[in-house]
Each structure stands twice: as structure tokens, then as C-alpha cells.
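Here's the structure we're looking at; comments come further down.
The chain is numbered in sequence order, starting from 1. Values in this document were obtained by computation on a predicted structure and should not be read as measured data.
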Amino acid sequence: MVFLIEHAKYLGFAPESAKELLTENQGQPFKLEELESAENFINELITSKYACDVMVPLSLRRKLMDHLLEFYNQQLENNQTWKSMAILRQLLD
């Protein structure tokens, strides 16, 4: 996730805050109780870059990754699915 955020900075469309990233996509994939944790985690990723040591549950990390990939799809006007995430999940489960 850090790589995706840092790469988005390089490409010129990185979010400046978690609130911007979480409201960018249509729909809300997070439960209300997850939203605060998600915002804190993303803000930590944005500010601390590769030194981020915040621990979040696996389910929330997966939702955040899906959300980041959807953010990329919107910014790049790409309607393809990311096959690499499905493959990684199969390997890691």
C-alpha cells in the first residue's frame, strides 16, 4: 500500500489525506467502526512512508488495498481488474 501511495505521488494524483482518498471512490466499502481506523492508517502511510509500523487487521488491509486499486482505476481511467491481487490472496491464504 505504501508503494501504491508513493507511486501515485510520482504519477501526480496522490491523495493528500485519508479523507480525500476515502471519499474519492463511489460507495463506501468500510463499516462505520472501521472508518476511523482506516483514516488513521492511511494518514500514517502518507506521512511516514516506508517507516509506517501501524498494525491493522487483515480484513481492513484487504479492503484498503481494494480501495487503493479502485482509486488507481479511477485516476488512470482503467476499467480492468487487478489480477495480481487475486493471485497473491490465493497464495497467502
On a heavy-atom basis, which atom in C52 and which in E44 lie closest, and how many Å separate them? SG-CG, 3.5 Å

When rounded to the nearest 0.5 angstrom, what distance separates CD in Q75 from CG in L11? 10.0 Å

Does the side-chain contact (heavy atoms from CB on, under 4.5 Å) test come out yes or no for L21 and L68, once each step is laid out? CA-CA 8 Å; L21 176 66; L68 275 169; 3.7 Å; yes

Got more than 12 heavy atoms from elsewhere within 6.0 Å of OH, Y50? yes

State which residues pass ring pair (Phe, Tyr, Trp, His ring centres under 6.0 Å) with Y72; sequence neighbours excluded, sorted by chain then number. F13

Same cluster or not: M55 versus L64, using hydrophobic residues (I, L, V, M, F, W, Y) connected whenever any side-chain heavy atoms lie under 4.5 Å apart? no

Is any side-chain heavy atom of V54 closer than 4.5 Å to one of L45? no

Would you check if M1 and I42 make a side-chain contact, meaning some heavy-atom pair closer than 4.5 Å? no

Exercise: identify the closest heavy-atom pair between A18 and N43: N-OD1, 3.0 Å

Pairs touching residues 7-17 that satisfy salt bridge (charged side-chain N to carboxylate O under 4.0 Å, His left out), sequence neighbours left out: E6-K9

Give, for atom CZ of F71 and atom CG of L22, the distance between the pair rounded to the nearest 0.5 Å. 10.5 Å

Walk me through it: do N40 and V56 pass the test side-chain contact (heavy atoms from CB on, under 4.5 Å)? CA-CA 10 Å; N40 292 339; V56 294; over 6 Å; no

Please report the interatomic distance CG(L35) to CD(E39), rounded to the nearest 0.5 Å. 5.0 Å

Would you say S37 and E34 make side-chain contact, with heavy atoms under 4.5 Å? no

F41 and L60: side-chain contact (heavy atoms from CB on, under 4.5 Å), yes or no, with the steps? CA-CA 10 Å; F41 182 59; L60 182 57; 5.7 Å; no

Under 3.5 Å: donor-acceptor pair, side chain of H7, backbone of V2: no

